[in-house]
Amino acid sequence: MADKKKIVVVGSLNMDAVINVENIPRAGETVMGSDVEKVPGGKGANQAYAAGKLGGNVTMLGVVGDDEDGKTLVDSLRQEAGVETQWILRDSDAGTGTAYIYVQSDGNNCIVVSPGANHRCDLKYVKEQEKQLRECDILLTQFEIPMETVAYALKTAKKMGNQIILNPAPAPGILTPELLKYVDILTPNETELEIITGRKWDAGLEDLEQMCKLLLDKGVGCVIVTLGEEGCFLAGKEFKHFPAYKAEAVDTTAAGDTFSGALAVMLAEKKTMEEAIEFAMKASAITVQRKGAQLSIPDRTEVEQYG
Ligand code: RIB
């Protein structure tokens with residue numbers, strides 16, 4: 001691992017409580033669902049898991065409770081994906097974060113996160129991890145932990161010239177240049193793009209390009225918008241649409257996480273952006289065809305043989 005570029009993921013770890021339903025209920029509606037299944041998840045942990053399983057040299061920073069779910073999440077990252085977990089804090093004052101996920105029959109989902117110990121991934125904790133942030137080559141982070149933690153991590157890693165990938169999920173609102181100026185690669189989906197730009201997407205690639213330009217003007221290096229079965233759109237020095245690989249979706253949970261994790265691994269291996277995007281799209285096409293967050297994330301061989 002020593003010769004491999006180091007990817008540090010700062011983010012959330014959640015135990016996912018998953019219920020399959022025919023259709024996601026509307027407000028005020030009650031529906032019957034399947035038994036509850038517990039699956040390791042959390043956007044941060046999923047991205048670290050994906051990057052590790054796909055061959056990256058990955059360290060995870062985050063906080064779990066000192067409980068059974070926390071232990072399962074840390075073990076899953078270390079044993080199944082080879083992620084360095086020694087810096088993950090086990091906090092006895094908070095329970096491990098939980099995500100309640102409804103997956104409907106077409107594979108789409110809706111998620112509510114009860115953050116628990118992820119709230120403890122605060123400034124004090126992240127400052128204690130300064131060495132990890134300074135010594136990484138690529139920093140990958142999201143917004144399921146406090147905003148000030150994300151801002152500090154970006155700033156610290158960027159000061160050392162490290163590459164920054166920000167997956168703006170869940171989207172916190174319009175993102176400002178104060179934060180975006182640290183970001184080399186931003187990976188929103190179309191809904192997150194609308195929230196962080198404060199603009200509705202009128203459909204069509206030209207409009208998408210205009211929305212991405214708003215972010216480029218605020219200092220982001222490049223934007224990759226993930227568009228589900230429409231593939232993805234790269235906006236940076238060039239603008240390019242990448243069509244999706246064929247996939248019968250059964251559960252889209254962690255598809256975006258797989259994409260960001262896979263992208264980080266490819267960039268760590270000095271692949272071109274186009275090669276990295278193709279690989280990441282294949283990886284997430286496999287993820288949507290399986291159920292569960294980390295359970296659905298493929299290994300390197302599967303991705304290389306896909307499509
Ligand atoms: O991106 C999918 C993840 O979002 C789930 O695993 C869940 O934990 C929520 O954080």
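Counting starts at 1 for both ligands and their atoms, following the listed order.
Here the shortest heavy-atom pairing between Pro40 and Asn46 reads O-OD1, 4.0 Å. Minimum interatomic distance between Val265 and Leu54 (heavy atoms only, all atoms of both residues): CG1-O, 3.7 Å. Between Asp75 and Arg78, the shortest heavy-atom distance links the atoms OD1-NH2, 3.1 Å.
Taking only nitrogen or oxygen atoms, main chain and side chain alike, Asp16 reaches within less than 3.5 Å of ligand 1. An N or O contact shorter than 3.5 Å links Gly42 to ligand 1 by distance. An N or O contact shorter than 3.5 Å links Asn14 to ligand 1 by distance.
Atom 3 (C) of ligand 1 has its closest protein heavy atom at Asn46 ND2, 3.6 Å. Looking at atom 4 (O) of ligand 1, its nearest protein heavy atom turns out to be Lys43 NZ, 3.1 Å.
Not a single heavy atom of Ser12 lies less than 4.0 angstrom from ligand 1.
A salt bridge links Lys213 with Glu209; the closest basic N to acidic carboxylate O contact falls under 4.0 Å. Taking a cutoff of 4.0 Å between a charged side-chain nitrogen and a carboxylate oxygen, Lys4 and Asp137 do not qualify as a salt bridge. A salt bridge does not link Glu37 with Lys291: none of the charged nitrogens is closer than 4.0 Å to a carboxylate oxygen. Under a 4.0 Å N-O distance rule, the pair Arg300/Glu269 qualifies as a salt bridge.
Counting the atoms of ligand 1 from 1 in the order shown, those under 4.0 Å from a heavy atom of Glu144 are 4 (O), 9 (C), 10 (O). Contact atoms of ligand 1 toward Asp257: 1 (O), 2 (C), 3 (C) (distance under 4.0 Å to a heavy atom of the residue). Of all the atoms in ligand 1, the ones that sit under 4.0 Å from a non-hydrogen atom of Ala99 are 7 (C), 8 (O). For ligand 1 and Ala293, the ligand atoms under 4.0 Å from any heavy atom of the residue are 6 (O). Those atoms of ligand 1 with a heavy atom of Gly41 less than 4.0 angstrom away are 6 (O), 8 (O).
For Glu29, the CD atom is densely surrounded, since the number of other residues' heavy atoms within 6.0 Å is greater than 12.
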